[in-house]
Amino acid sequence: MPVIRTISKVAKQALLSTPGCGCQPVTVAVRNISFSPRQVTSDASFHSVSFSETDHPKVLITGGLGQLGVGLAKLLRKRFGKNNVILSDIRKPPSNVFHSGPFIYSDILDYKNLREIVVNNRITWLVHYSALLSAVGEANVALARSVNITGLHNILDIAAEHGLRLFVPSTIGAFGPSSPRNPTPDLCVQRPRTIYGVSKVHAELMGEYYHHRYGLDFRCLRYPGIISADSMPGGGTTDYAVQIFHDAIKKAKFECNLRPDSRLPMMYIDDCLRATLEVMEAPADALSMRTYNINAMSFTPEELAQELQKQMPELEVTYDIDPVRQAIADSWPMNFDDSNARKDWGWKHDYDLPELVQTMLNYFGVETRMASAN
Ligand SMILES: NC(=O)C1=CN([C@@H]2O[C@H](COP(=O)(O)OP(=O)(O)OC[C@H]3O[C@@H](n4cnc5c(N)ncnc54)[C@H](O)[C@@H]3O)[C@@H](O)[C@H]2O)C=CC1
Ligand SMILES: CC(=O)[C@H](N)C(=O)O
């Protein structure tokens with residue numbers, strides 16, 4: 001078993017050369033030692049795509065047809081050029097998305113297909129958005145485990161083999177009932193009670209392990225619940241904060257599936273996508289950690305409804321609690337401490353609750369006027 005012997009020899013040397021007490025991270029760059037974290041045949045060799053900081057990155061976004069991917073592709077294409085950002089998913093793209101830039105089929109559970117896409121397109125940045133979210137994950141644990149954990153393993157191995165910069169989002173859902181909830185710092189107890197949360201803690205730890213062990217340029221932000229106007233959420237606990245706008249506009253009525261006092265951290269999508277670009281562009285030496293909380297605002301359904309009612313006094317909100325979502329919300333952070341992101345790479349949000357509500361209503365107002373003009 002020549003490959004395995006070589007690996008253990010290199011690993012041993014790396015461990016032995018660790019200075020001091022051995023508590024320093026062992027950084028072994030994949031490209032320097034020609035082995036991959038995945039078991040490979042002895043004649044395989046890996047070449048990282050050399051990415052000079054003056055070049056534009058070539059970006060692949062997985063799970064790109066969900067709530068966040070299309071918006072991120074738009075932002076990155078503005079910055080790096082249309083053809084340098086490839087959206088991928090297992091679903092069929094709507095025609096406006098298909099015609100707005102490169103789109104490719106990619107199932108993250110198909111390792112060979114993923115590797116082919118990375119190689120053929122000379123990908124240098126990978127944004128890994130594929131996932132099953134909290135409520136959908138509880139309804140289908142086996143699939144969530146497979147997509148969120150097995151899929152992540154494929155992504156990590158491919159990113160390490162090809163020297164990619166890898167972004168994987170985590171979430172407020174990576175914390176649980178034994179975490180401090182108000183506020184929740186970056187480093188504290190993480191014992192989530194959902195398969196979604198467990199898979200995200202796994203992603204944080206595996207990404208950081210690959211960073212220390214193989215030199216993978218892993219970057220991770222824990223997103224709050226994200227609110228967007230032109231894309232719908234994919235089955236999470238914070239979805240109510242998007243749905244309320246749609247129902248307010250359509251029917252002036254909204255039935256909320258969380259208790260009126262369920263406080264959760266939230267963020268407008270533009271802040272979330274900008275944070276993602278900013279942390280991806282941050283110089284490595286600015287990052288004292290590889291996983292950061294980011295925050296903007298925290299509110300309850302009642303507070304969101306009151307802010308909306310300032311502009312739409314006719315809006316009626318009732319409550320019909322979904323016990324699964326409520327139990328999840330009760331175990332998540334109420335306020336998020338993102339002081340490390342602010343200190344290390346200058347994170348600053350633009351939208352608080354009043355600006356969020358105004359921006360969402362403006363968006364729908366424009367749409368309504370356009371619809372009635374047609
Ligand atoms: N939207 C939010 O409020 C938050 C999102 N995040 C994270 O951000 C990322 C993106 O979130 P959203 O866009 O909201 O998710 P979403 O649920 O809207 O979209 C996920 C996408 O993954 C795709 N997918 C599922 N199985 C796949 C597979 N086998 N191969 C390839 N793609 C597959 C789905 O088709 C879907 O388009 C996720 O990792 C999520 O955990 C984190 C915190 C908050
Ligand atoms: C906060 C999240 O991760 C997501 N929106 C969910 O509610 O599952």
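Positions are given from 1 along the sequence. Just so you know, ligand 1 is whichever comes first in the structure, and atom 1 is the first atom listed for that ligand.
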Residue, atom name and distance, where the atom is the protein heavy atom closest to atom 11 (O) of ligand 1: Leu68 CD1, 3.9 Å

Nearest protein heavy atom with distance in Å, relative to atom 12 (P) of ligand 1: Gln67 N, 3.8 Å

Atom of Ile172, atom of Pro224 and distance for their closest heavy-atom approach: CG2-CA, 3.8 Å

Other residues, nucleotides, ligands: >12 heavy atoms within 6.0 Å of Tyr319 OH: yes

Closest protein heavy atom (residue, atom, distance) for atom 5 (N) of ligand 2: Thr238 OG1, 2.9 Å

Protein residue, atom and distance nearest to atom 38 (C) of ligand 1, heavy-atom basis: Tyr129 O, 3.2 Å

Arg342 atom CZ: more than 12 heavy-atom contacts under 6.0 Å: yes

Val127 side chain reached by Val59 side chain, heavy atoms, under 4.5 Å: yes

Output field: ring centroids Phe364/His246 closer than 6.0 Å: yes

Salt-bridge contact Asp270-Arg274 (side-chain N to carboxylate O under 4.0 Å): no

Residues, nucleotides or ligands: over 12 heavy atoms within 6.0 Å of Lys343 NZ: yes

Minimum-distance protein heavy atom relative to atom 42 (C) of ligand 1: Ser170 O, 3.3 Å

Nearest non-hydrogen partners of Pro301 and Arg259, listed with the distance: CG-O, 3.3 Å

Modelled atom types, side-chain donor and acceptor of His211 and Arg219, under 3.5 Å: no

Protein heavy atom at shortest distance from atom 21 (C) of ligand 1: Gly63 O, 3.5 Å

Whether Trp332 lies under 4.0 Å from ligand 2, heavy atom: yes

Nearest-option assignment for atom 2 (C) of ligand 2, heavy atoms, candidates Thr194, Thr171, Thr237: Thr171

Identity and separation of the nearest protein heavy atom to atom 29 (N) of ligand 1: Asp107 OD1, 2.9 Å

Exercise: do Glu204 and Ser170 side chains pair donor with acceptor under 3.5 Å: yes

Residues Thr237 and Ser134: side-chain donor-acceptor under 3.5 angstrom: yes

Whether Ser106 lies under 4.0 Å from ligand 1, heavy atom: yes

Close approach of Leu133 to ligand 1, heavy atoms, under 4.0 angstrom: yes

Contacting atoms of ligand 1, where contact means under 4.0 angstrom from a heavy atom of Asp89: 21 (C), 23 (C), 32 (N), 34 (C), 35 (O), 36 (C), 37 (O)

Closest to atom 2 (C) of ligand 1 (judged by heavy-atom distance), picking from Thr171, Ile226, Thr150: Ile226

Enumerated ligand 1 atoms positioned under 4.0 Å from heavy atoms of Pro169: 7 (C), 8 (O), 9 (C), 39 (O)

Distance filter under 4.0 Å to Ser134 heavy atoms, resulting ligand 2 atoms: 6 (C), 7 (O), 8 (O)

Which residue and heavy atom of the protein sit nearest atom 26 (N) of ligand 1, plus the separation: Ile90 CD1, 3.7 Å

Flag for Gln243-Asp247: side-chain donor and acceptor within less than 3.5 Å: yes

Heavy atom of the protein closest to atom 39 (O) of ligand 1 (residue, atom name, distance): Lys200 NZ, 2.9 Å

Which of the ligand 1 atoms, numbered from 1, are nearer than 4.0 Å to a heavy atom of Gly234: 17 (O), 18 (O)

Test of proximity, Ile108 against ligand 1: N or O pairs below 3.5 Å: yes

Residue-ligand contact Pro224/ligand 1, heavy atom below 4.0 Å: yes

Option nearest atom 20 (C) of ligand 1 (shortest heavy-atom distance, choices Gly69, Ala131, Pro233): Ala131

Ile226 and ligand 2 - part of the residue with a heavy-atom distance under 4.0 Å: neither

Residues Lys112 and Asp110 bridged, charged N to O under 4.0 Å: no

Per-atom contacts of ligand 2 with Leu133, taking only distances under 4.0 Å to non-hydrogen atoms: 4 (C), 8 (O)

Ligand 2-proximal atoms of Tyr196, by part, heavy-atom distance under 4.0 Å: side chain

Phe80 ring center within less than 6.0 Å of Trp125 ring center: yes

Shortest non-hydrogen separation from Asp107 to Asn113 and the atoms involved: N-OD1, 3.9 Å

Nearest neighbour of atom 40 (C) of ligand 1 from the list Tyr196, Tyr105, Tyr223, Phe167, on a heavy-atom basis: Tyr196

